[in-house]
Amino acid sequence: MAKIQTPQAVRGTQDMFGETEERFAHVVATFERVRRLYGFKGLQLPVIEPTAVFSRSLGEATDVVSKEMYSFEDRGGDSITLRPEFTAGIARAYLTNGWQQFAPMKLSVHGPLFRYERPQKGRYRQFHQIDAEIIGAAEPAADVELLVMADQLLKELAINDGVTLQLNTLGDTPSRDAWRAALVGYFNDHKNALSEDSLARLEKNPLRILDSKDPTDRPVADAAPVIDDYLSGEAQDFFGAVTAGLDAAGVAWTRNAALVRGLDYYRHTAFEFVTDRLGAQGTVLGGGRYDGLIENLGGPATPAVGWAAGIERLAMLIEQLPVQQLEAMIVLENDEGLGQAFALLRQLRQAGISADMIATGSPKKRYDKAVKQNPAAILRVNEHGYYGFSGEDTNSPLMNFLKSLAA
RNA sequence: GCGAUCGUAGCUCAGUUGGUUAGAGCGCUGGUUUGUGGUACCAGAGGUCGGGGGUUCAAGACCCCUCGGUCGCCCCA
């Protein structure tokens, strides 16, 4: 007889329960509330997309596309991919549904994403993000609004302490291309001073050398050509308008000329809210402008900006969770009263009062169990029905309910 | 993909240079005490020591493989 091996969770996935789940839910609830304050519409999108949605938009050479996607052939022979990020799918939905008619659109989504990576602190194979995008708005005001919203969200989650907004511009396409060419030339001239990782980056994603953590790269990277010298007048004005908007809105930021984005579609504004409280994962929330993306997917030239934040990472940073206390716990002292306890329980819940009941186990230990759940009040029920409570006599809905019972 | 480290009851862990029927606390179940919002005491259930292979008279301890967790690198939110 073969022994049954109990199944394990898939590597890098989590079963969230208890405080972990409460933290997660709190992040999502706060995001949903804040995004409504800013007039962002909700979106529900498929978790699976045609593989081309991501390979065309993120860049074939990026790690995400080349080695981290969960891609498979479905029974019809189509190549399907579990979404590794939101932006490309949102752009696809925008095009397939003809949402140009609604532009500019302020959209928000949250949900699971999948990346085949080595799990570590704040990084999972199935992870979750909240995401906000403005599609069809070319003005710097859109960038500013997104950043102001992100700033408020972090403040409402009370995790803004120790989190700073780093801002950069990658310029428009001509600026970016010129800068990139200059960087490649410069790094090629200094190949012998670069780390092995950075030599590989030079081939695949030279901009990434700029934010290399390897100390051997720092002198070369710090002396590299800066984007400012390659910015067109337009790009400069754009960035100036964004920073002026942030200052006017009272959002603190710092310039980080070495800040780049990992995905190919970014232009102009790039930003990250970073912290040192997450181990190796510094970025709490990141995004930027991606004016070229929708065109890459075969649509009309459409400007867009957006950001995303890892829910797990935000959840880890929350220090104080709002307490969720059960309002009423019924202790059934005598099983003869079970029917009356059920009736009371139902009345409480219909009155909008959270309630539960302890009616099993040794009768003498039921109070112990009730106390351990830490309810606001314990209601005593015996064979004669409800006859009293213990807890603070406040002006709560529960107390008013109990008084109406007595009356 | 690379590196480090860990994997013993539901949970947190102890298990001495490999040596008799693998332990504790908490939790759980029951009992006694107490008496009605967190008491104390007693008892019980619960483990093929992540999985597989090997060395040995003897492996939870040593070796190999494998699967996971954690933390870095890389990448990214």
Side-chain angles (χ1 to χ4, degrees), chain A residues 2-14 17-18 27 58-59 61-69 83-87 110-132 150 154 163 195-198 200-201 204-205 208-209 211-215 260-263 266 271-275 278-288 306-317 329 331 333-334 358 360-382 387-392:
Chain A
K3 286 168 190 161
I4 294 170
Q5 181 84 27
T6 52
Q8 292 176 315
V10 172
R11 180 158 219 200
T13 63
Q14 314 176 81
F17 175 72
V27 171
L58 309 197
T62 59
D63 278 24
V64 171
V65 171
S66 63
K67 50 192 196 195
E68 293 177 359
M69 293 204 305
R83 45 146 98 128
E85 61 124 42
F86 276 123
T87 306
H110 62 86
L113 304 167
F114 303 84
R115 250 119 94 160
Y116 190 86
E117 296 186 277
R118 190 73 183 267
Q120 62 187 67
K121 185 172 188 171
R123 198 173 80 176
Y124 305 94
R125 289 186 174 178
Q126 177 178 335
F127 60 108
H128 302 77
Q129 286 185 349
I130 52 178
D131 181 285
L154 297 181
V163 174
S195 67
E196 214 171 298
D197 279 335
S198 284
R201 281 189 270 245
K204 284 172 48 186
N205 196 352
R208 275 283 161 191
I209 300 174
D211 58 4
S212 168
K213 286 181 203 164
D214 194 322
V260 296
R261 305 267 69 210
L263 308 177
Y266 287 103
F271 53 85
E272 283 180 12
F273 286 82
V274 298
T275 178
L278 282 177
Q281 321 324 314
T283 304
V284 175
L285 184 153
W307 54 251
I311 298 176
E312 288 89 346
R313 292 186 186 178
L314 293 171
M316 280 190 283
L317 291 170
M329 177 64 87
V331 171
E333 295 181 354
N334 183 325
I358 304 278
T360 59
S362 162
K364 292 183 177 179
K365 286 188 175 165
R366 291 184 187 179
Y367 276 98
D368 291 346
K369 285 188 187 176
V371 164
K372 276 175 190 156
Q373 305 273 325
N374 191 33
I378 290 178
L379 313 190
R380 311 178 211 292
V381 175
N382 61 16
Y387 72 94
F389 73 92
S390 48
E392 240 181 294

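Proteins come first, then strands; the chains are lettered A, B, ... in the order of their sequence lines, and each starts at number 1.
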Donor-acceptor pair under 3.5 Å, A:R313 side chain vs B:rC76 base: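 Side chain to base: pair present.
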B:rA14: pairing nucleotide in any strand, Watson-Crick or G-U under 3.5 angstrom: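 When the pairing criteria are applied, nothing turns out to pair with B:rA14, so the answer is none.
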A:Y387 backbone acceptor or donor facing A:R380 side chain under 3.5 Å: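 Checked: no pair found.
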Side-chain donor or acceptor of A:R115 paired with backbone N/O of A:V64 under 3.5 Å: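 Pair absent, no side-chain N/O of A:R115 close to backbone of A:V64.
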Within-4.5 Å side-chain heavy-atom neighbours: A:L58 and A:T87: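 Sidechains of A:T87 and A:L58: no contact.
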Spacing between A:K213 atom NZ and B:rC75 atom P, to the nearest angstrom: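 Rounded to the whole Å, the gap is 9 Å.
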Whole-Å distance separating the CD1 atom of A:I209 from the C1' atom of B:rC75: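 Going from CD1 in A:I209 over to C1' in B:rC75 covers 15 Å.
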Test side-chain hydrogen bond (donor to acceptor under 3.5 Å, both in side chains) applied to A:T13 and A:Q126, step by step: CA-CA 5 Å; A:T13 63; A:Q126 177 178 335; over 6 Å; no
[X] side chain, from C-beta outward: closest of [options]:
| X | options | result |
| --- | --- | --- |
| A:Y387 | B:rA77, B:rC73, B:rU36 | B:rU36 |
| A:R123 | B:rC74, B:rC76, B:rU36 | B:rC74 |
| A:R208 | B:rC76, B:rC75, B:rC73 | B:rC76 |

Same-atom distance (P) from B:rC49 to B:rC11, integer angstrom: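 Result for the P pair: 16 Å, nearest Å.
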Is_stacked (A:Y367, B:rG38) at 5.5 Å, 30 deg: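 A stacking contact does not exist, since A:Y367 is not both close and nearly parallel to the base ring of B:rG38.
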